[in-house]
Amino acid sequence: MVTNEERLTMSDKVVTRFAPSPTGYLHVGGARTALFNWLLARRAGGKFILRIEDTDQKRNTPTAAKQVMDDLKWLGINWDEGPEAGGPNGPYLQSQRKDIYDKYIQKLLDEKKAYYCFDTAEELDALRQKAEAQKKNLNYPRPEKFPDEADAQKARDEGRPVTVRFAVPQDDPIVVRDVVRGEITFAAGEIGDFIILKSDGFPTYNFACVVDDYLMEITHIIRGQEHLNNTPGQQSLWQALGFGEPPNYAHMSVTISDTGGKLSKRERPAALRKAVREMQDIDLDKLAEVASLSREELDVFLDGERTPDMPVIDKLAEFLKVPLPEINIVDFFKSGYLPETMVNFLALLGWNPGDDREIMKIDELIEAFDISRLTKSNSLFDRQKLLAFNTEHIKMAPTEKLLGHFKDYLKVIDSPMIAADDELLSRIIKLCEGARTLAQIEQKSRFLFLDDDKIEYDDKAVKKVLLKGNGLENLALVRDRLAAMSELSEQTIEDMLRGLAEEKQVGLGKVAQPLRVALCGTTVSLPIFDSVQLLTKDRTLTRIDQTIKIVEGKATAGGI
RNA sequence: GGCCCCAUCGUCUAGGCAGGUCUAGGACACCGGGUUUUCAACCCGGCAACAGGGGUUCGAAUCCCCUUGGGGCUACCA
């Protein structure tokens, strides 16, 4: 039996890569792919390369590459070669490697292993439909005689699109050796000739990726199962180009959404659409204004025809207070998850260390990582389990580290708590022991940083705690006792509240909860004794008075 | 439709390649109880799975075949 250790030292230096197309933020699936490649490289003491696959002129957004890199950095996934880092195999943006690809395209053309095509989109469509009628996939009819350079020039002059197709060898079956799935055989003739150079002069993914993997000396490619069907074609190209042994492929399972199907970034707009449809009396004009969309653009989106950019979706959701499922890595950041949580959780989606360990630090993950333990079957992204993981990681994290994460979080959500100093934030964090997300810590304590007149009273809380039973009366009593106190500490506040509860023959909750609602407007906050002490006596009294006034007013007006 | 992949508790999974030690282990969720100034956290207990059918074998969750189910791909996207 070959151990993981032996396998790693037996092989040459391991080189892996993550090759995202910069179409938006890094999403969970991409992060997982990046992570596995990174873990393998780190485990083996090899190299991890970041390569940006931006050969599609239509889909790239200018900021996307930076967004992806920011998200990788947040996760702690660093790259040895790539944009920003540099390296001997650059450039690392495929759009800047055109001359390299041209050279290899020309080589295939010269060797009659590829040929020019001049079909229009309509002509291809017709071919595809014909194939469909015969219940087959389109297998492009290769011409008997390949067009030559003169033909290509003529087509260009006539304004016809000029592409290049790879002539896939049709005589033998193609066997792909996959680390997680074993040997997969594609029958001879199954893989049709595919386009390697687009009419805009850029190579297709299937071509660029083969050339770059070769030139960058990639030894292991871990990617999603959705690429499995590309592999025979790529492997075939690898051979035609004379690149020798292809790299080790490992096709991971796909991450499935709890709504069914592959986890996709389309889910956020879809969730928003659904929520808007289910809502009544929304002012659509106002809504459009909030997102700085025209009313028409909004309608188009709501009809499901087109989707605006993510920041617009976020704005709409925020305005409507609709929680959207987190899909992109930044979404999780903004929801108060720790990067350690994401790395740990993602690593366990389709991989496990082989023992009962689940909560693991990054170092442990690296130490335990073994590519042969990748799982074959698809897995569902379980948000509840993710929450449990986050709870554990918050619990585990040293205060200083947590403080750092918390400050990052406050910044990204633009919280009024940014104003607080480290000492105060540390105390707050300690008071929130057991919190599941950084968001919960913020929500429990932000009332301390709001102006007294900016407190929003939650209707349900007011009804349940102040209007039912003796809530208001108890609050008034608390006010009097508090006003009479000279020294305020958690202990004296506790003594006062407990004493009062005992006198009234009620549980502590009956006096503590009305006070809590008066301070922060909701039933959830930091422990009450600390809350009062931190807010100070004067401001506590102010808020109590304000609350009594507002609630009594509402009650007599029959508003509640 | 064609091609490809997959199949253990509700979910993530261990076990499978080297068949017996599996009356199938862990975690999350769920249910019941405890603790409690809120939300959490925490403690104790419980429920819960080898998709179905055929083989092979003394013996199958484990090997083979079929069925069913799920997923992926099927672009001048990656």
Side-chain angles (χ1 to χ4, degrees), chain A residues 1 19-23 53-56 58-59 94 117 119-121 124 128 131-138 161-165 176 178 180-182 184-187 190-192 194-200 202-206 208-209 224-232 251 253-254 256 258 260-262 345 348-359 375-389 391 394-395 432-436 440 443-444 461 465 494 497-498 501 507-513 515-517 520 522-529 531:
Chain A
M1 148 123 190
S21 65
T23 53
E53 309 225 325
D54 55 352
T55 52
D56 184 354
K58 290 182 285 284
R59 292 205 323 166
Q94 288 189 328
C117 286
D119 310 274
T120 61
L124 283 174
R128 209 166 282 124
E132 206 171 304
Q134 292 169 18
K135 303 191 170 198
K136 278 195 295 198
N137 285 333
L138 172 62
V162 177
T163 60
V164 176
R165 267 179 205 270
V176 172
D178 186 276
V180 320
R181 284 159 219 282
I184 301 150
T185 305
F186 294 81
E190 188 62 50
I191 311 298
F194 55 91
I195 291 183
I196 53 177
L197 188 73
K198 299 185 273 188
S199 58
D200 66 1
F202 280 91
T204 57
Y205 155 75
N206 276 312
C209 133
Q225 192 212 142
E226 63 267 24
H227 288 288
L228 195 50
N229 289 302
N230 292 141
T231 311
H251 288 94
S253 55
V254 170
I256 305 292
D258 41 15
K262 194 167 77 163
F345 189 72
L348 257 41
L349 227 49
W351 176 83
N352 69 80
D355 50 40
D356 282 343
R357 280 182 295 172
E358 288 205 316
I359 301 296
T375 292
K376 288 181 188 164
S377 48
N378 294 166
S379 46
L380 192 137
F381 191 82
D382 183 351
R383 292 168 192 283
Q384 301 213 72
K385 188 152 184 169
L386 176 69
L387 243 198
F389 270 51
T391 311
I394 287 180
K395 214 175 291 170
C432 290
E433 210 180 279
R436 314 206 73 179
Q440 287 185 348
Q443 282 153 15
K444 276 179 161 186
V465 176
E494 176 167 2
L497 286 172
R498 286 198 191 279
L508 183 54
K510 291 288 183 218
V511 293
Q513 282 303 81
L515 178 58
R516 192 188 304 278
V517 174
C520 62
T522 72
T523 53
V524 179
S525 79
L526 296 176
I528 192 66
F529 316 129
S531 292

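Below, chain A is the first sequence line, B the second, and so on; all start at residue 1.
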Heavy-atom closest contact (A/K376 atom, A/V180 atom, distance): CE-O, 3.2 Å
Report yes if at least one side-chain N or O of A/T391 is closer than 4.0 Å to OP1 or OP2 of B/A40; otherwise report no. no
Can you figure out which of B/C77, B/A78, B/A75 approaches the side chain of A/K58 most closely? B/C77
Can you tell me how far C1' in B/C6 sits from the matching atom in B/C12, rounded to whole Å? 16 Å
Which is true for A/H227 with a 4.0 Å heavy-atom rule: it touches a base, it touches only sugar-phosphate, or it touches nothing? base
Does a nitrogen or oxygen in the side chain of A/R128 sit under 4.0 Å from OP1 or OP2 of B/A75? yes
The side chain of A/T375 lies closest to which of these nucleotides: B/A14, B/G72, B/G2? B/A14
When rounded to the nearest Å, what value does the distance between P atoms of B/G26 and B/C47 take? 12 Å
A/K198 has a side chain; which of B/U37, B/A7, B/C77 sits nearest to it? B/C77
Does any donor-acceptor pair link the side chain of A/K385 with the base of B/A29 at a separation under 3.5 Å? no
Provide the Watson-Crick or G-U wobble partner of B/C3, both distances under 3.5 Å; none if there is no partner. B/G72
Minimum heavy-atom distance A/K385-A/E358, with the two atoms named: NZ-OE2, 3.2 Å
Roughly how many Å apart are B/U23 and B/A49, using the P atom of each and rounding to a whole number? 15 Å
Non-hydrogen side-chain atoms of A/R181 and A/L228 separated by less than 4.5 Å: yes
Polar side-chain contact A/D355-B/G26 base: donor and acceptor under 3.5 Å: no
Proximity to the side chain of A/L380 - top-ranked nucleotide from B/U11, B/G2, B/C5: B/U11
Between B/C58 and B/G70 - P atom distance, rounded Å: 38 Å
Under a 3.5 Å distance rule, please check whether A/D54 uses its side chain to pair with a backbone N or O of A/Q94 as donor and acceptor. yes
I want to verify a distance call: between B/C28, B/A7, B/U37, whose nearest atom is closest to the A/A388 side chain? B/C28
Between A/D56 and A/R59, is there a side-chain N and carboxylate O pair less than 4.0 Å apart? yes
With distance as the sole test, does A/S21 use its side chain to make a donor-acceptor pair with the main-chain N or O of A/T23 at under 3.5 Å? no
Please give the distance between the P atoms of B/A48 and B/C9 as a whole number of Å. 14 Å
Please work out if A/D119 contacts a base, only the sugar-phosphate, or nothing of the nucleic acid, heavy-atom cut-off 4.0 Å. base
Main-chain N/O of A/L124 paired to A/D119 side chain as donor or acceptor, under 3.5 Å: no
Between B/C63 and B/A14, how far apart are the P atoms? Round to whole Å, please. 14 Å
Below 3.5 Å, does any donor atom in the side chain of A/Q225 face an acceptor in the base of B/G71, or the other way round? yes
A/S379 side chain, from C-beta outward: closest of B/A78, B/C12, B/C4: B/C12
Assign A/E132 to base, sugar-phosphate, or nothing according to its heavy-atom contacts below 4.0 angstrom with the strands shown. nothing
Of the candidate nucleotides B/C6, B/G71, B/C3, which contains the atom at the shortest distance from the side chain of A/E190? B/C3
P atom, B/G25 versus B/G15: distance in rounded Å? 15 Å
Distance criterion of 3.5 Å, no angle test: do you see the side chain of A/R516 paired donor-to-acceptor with the base of B/U37? yes
Is A/K136 near enough to B/C3 that one of its side-chain N or O atoms lies under 4.0 angstrom from OP1 or OP2? no
A/I184 has its side chain closest, among B/U38, B/C6, B/C5, to B/C5
Among B/C3, B/C6, B/G10, which is the nearest nucleotide to the side chain of A/F186? B/C3
Determine which nucleotide pairs with B/G45, using a 3.5 Å limit on both distances of a Watson-Crick or G-U wobble pair. B/C31
Considering only heavy side-chain atoms of A/D382, the closest of B/U38, B/C76, B/U11 is B/U11
Identify whether any heavy atom of A/K510 sits under 4.0 Å from a base atom; if not, whether one sits that close to sugar-phosphate; answer base, sugar-phosphate or nothing. nothing
Every protein N/O within reach of nucleotides 47-52 of chain B N/O, cut-off under 3.5 Å:
none

When all nucleic acid strands are considered with a 4.0 Å heavy-atom cut-off, which category describes A/T55: base, sugar-phosphate, or nothing? sugar-phosphate
Can you check the distance between B/G59 and B/C43, where both ends of the measurement are the P atom (answer in whole Å)? 46 Å
Main-chain N/O of A/A461 paired with A/T523 side-chain donor or acceptor, under 3.5 Å: no
